[in-house]
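Encoded as structure tokens, the structure appears first; notes follow it.
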There are 2 protein chains.
Amino acid sequence: MTSNPRSHRMTKQRRVILDVLRDTDSHPTADWLYEQVRRIVPRISLGTVYRNLRVLKEKGDIQELNYGSTYSRFDGKTENHYHFVCLECARIGDVLLPLSEDIDKKVTDSLGWQVDFHRLEFYGSCPDCTAKEKAQ
Amino acid sequence: MTSNPRSHRMTKQRRVILDVLRDTDSHPTADWLYEQVRRIVPRISLGTVYRNLRVLKEKGDIQELNYGSTYSRFDGKTENHYHFVCLECARIGDVLLPLSEDIDKKVTDSLGWQVDFHRLEFYGSCPDCTAKEKAQ
DNA sequence: GTACGTGCAAATATTTTGCAGCAGT
DNA sequence: ACTGCTGCAAAATATTTGCACGTAC
């Protein structure tokens with residue numbers, strides 16, 4: 001064989017999408033990414049953004065989040081971490097807590113469901129929205 | 001005043017939707033609920049199902065889940081609990097672990113984000129899908 | 001009787017996909 | 001050169017909404 005049939009090509013589009021996603025901590029939507037990437041690759045299509053997000057997710061280079069909304073958000077951080085979702089402004093932030101790995105084993109052992117990983121999200125009000133509430 | 005302007009009416013449609021949702025533990029989609037409710041209220045529309053699901057969610061009678069998919073699933077259990085998502089067949093199950101309340105306070109105190117509640121999901125392979133893998 | 005709820009259908013919003021040509025390796 | 005990738009546009013999926021009529025309270 002001359003090459004891996006499942007190989008991935010690092011096209012300009014793919015690299016820019018990944019760069020933009022890694023350069024923000026705003027957990028953006030596909031459409032936001034599309035608008036940003038368009039500044040650098042003007043003729044890119046939204047379909048290409050979605051296709052690349054899927055490939056990057058399958059490669060494990062990015063994460064897809066869909067908490068509390070009908071659309072997905074994306075995260076360029078590959079290390080597993082927790083999130084905070086503001087119920088008022090829909091902003092998502094990172095929560096820097098140590099992951100508890102033993103909880104996965106506990107579920108696997110007691111329920112018989114094979115756990116690969118877990119996700120934990122906190123819902124509430126972010127500092128900005130909490131301040132606005134108090135001002136009223 | 002003669003009545004509360006924000007009062008909710010318990011229509012036949014709303015009651016049947018709630019009953020069907022409480023009678024299953026399959027965490028169904030809006031469309032599945034629509035098909036089930038249609039057997040009892042044949043002329044109900046999908047729009048009515050969605051409108052009622054929103055009202056019931058805002059009242060706190062049901063929960064909306066959107067883990068690992070582009071569509072929502074609904075849960076008639078009002079007490080907070082954790083979920084397991086099968087990455088292969090997309091089935092969602094309940095995880096009966098005691099909730100840790102102190103973790104909310106820990107996030108609120110250390111990050112300054114006001115936490116109302118948290119959600120925890122485990123991702124992996126359910127017993128059925130694990131068995132199929134081993135059979136191959 | 002009032003105003004919230006409903007059925008219907010059209011509109012939105014988000015994501016996916018067929019296809020012919022382009023480009024990374 | 002081979003095959004994955006792209007742009008484009010249309011399709012598919014999921015959810016929301018305007019409107020005239022219906023019904024719970």
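The model shown is predicted, which means the values in this text are computed figures rather than measured ones. Lettering of chains follows the sequences in order, A, B, ..., and the numbering in each one begins at 1.
The interatomic distance linking A:Tyr34 (OH) with C:dT15 (P) rounds to 14 Å, in whole Å. Whole-Å rounding puts the A:Glu35 CD to C:dT14 C1' distance at 15 Å. For the pair A:Trp32 CH2 and C:dT14 P, the computed distance is 16 Å after rounding to whole Å. Computed from coordinates, the B:Gln13 CD to C:dC4 P distance equals 17 Å when rounded to whole Å. B:Leu53 places its CG atom 14 Å from the C1' atom of C:dG5, with the value rounded to the nearest Å. Distance A:Ile17 CD1 to D:dC5 P: 12 Å, rounded to the nearest Å. Between A:Arg43 atom CZ and C:dA23 atom P there is a gap of 11 Å when expressed in whole angstrom units. A straight line from CG of B:Leu18 to P of C:dG5 spans 14 Å, rounded to a whole angstrom.
Between B:Tyr67 and B:Arg119 the shortest side-chain heavy-atom distance falls below 4.5 Å. Side chains of B:Asp75 and B:His83 form a contact here, defined as non-hydrogen atoms less than 4.5 Å apart. By the 4.5 Å heavy-atom criterion applied to side chains, A:Val107 and A:His118 are not counted as neighbours. Residues B:Leu120 and B:Val95 form no side-chain contact, since every pair of their non-hydrogen atoms from C-beta on lies 4.5 Å or further apart.
Applying the 4.0 Å criterion to OP1 and OP2 of C:dT14, one finds that A:Asn66 has every side-chain N and O outside that range. The shortest distance between the side-chain N/O atoms of A:Arg15 and the OP1/OP2 oxygens of C:dG24 is not below 4.0 Å.
In this structure, B:Leu65 CG and B:Phe74 CZ are separated by 8.5 Å, a value rounded to the nearest 0.5 Å. Atom CZ of residue B:Arg15 and atom CG of residue B:Leu56 lie 12.0 Å apart, to the nearest 0.5 angstrom.
Between B:Phe122 and B:Phe84, the gap from one ring centroid to the other reaches at least 6.0 Å.
Of the residues B:Val49, B:Leu53, B:Val55, B:Asp19, the one that meets the side chain to side chain contact (heavy atoms under 4.5 Å, CB included) test with B:Arg14 is B:Val55.
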Q.
How would you summarise protein contacts on nucleotides 15-25 of chain D per nucleotide, using B for base, S for sugar-phosphate only and - for none, with heavy-atom distances below 4.0 Å?
A. BBBB----BBS
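Comparing D:dC5, D:dG7, C:dT6 by their closest approach to the side chain of A:Arg14 singles out D:dC5. Nearest nucleotide to the B:Ile44 side chain, out of C:dG7, C:dT6, D:dG7: C:dG7.
Summary of helix geometry: the two end axes of the helix from C:dG1-D:dC25 to C:dT25-D:dA1, each defined by five base pairs via their C1' atoms, are inclined to each other by 50° (rounded to 10°).
Side chains of A:Asp94 and A:His27: a donor on one and an acceptor on the other come within 3.5 Å.
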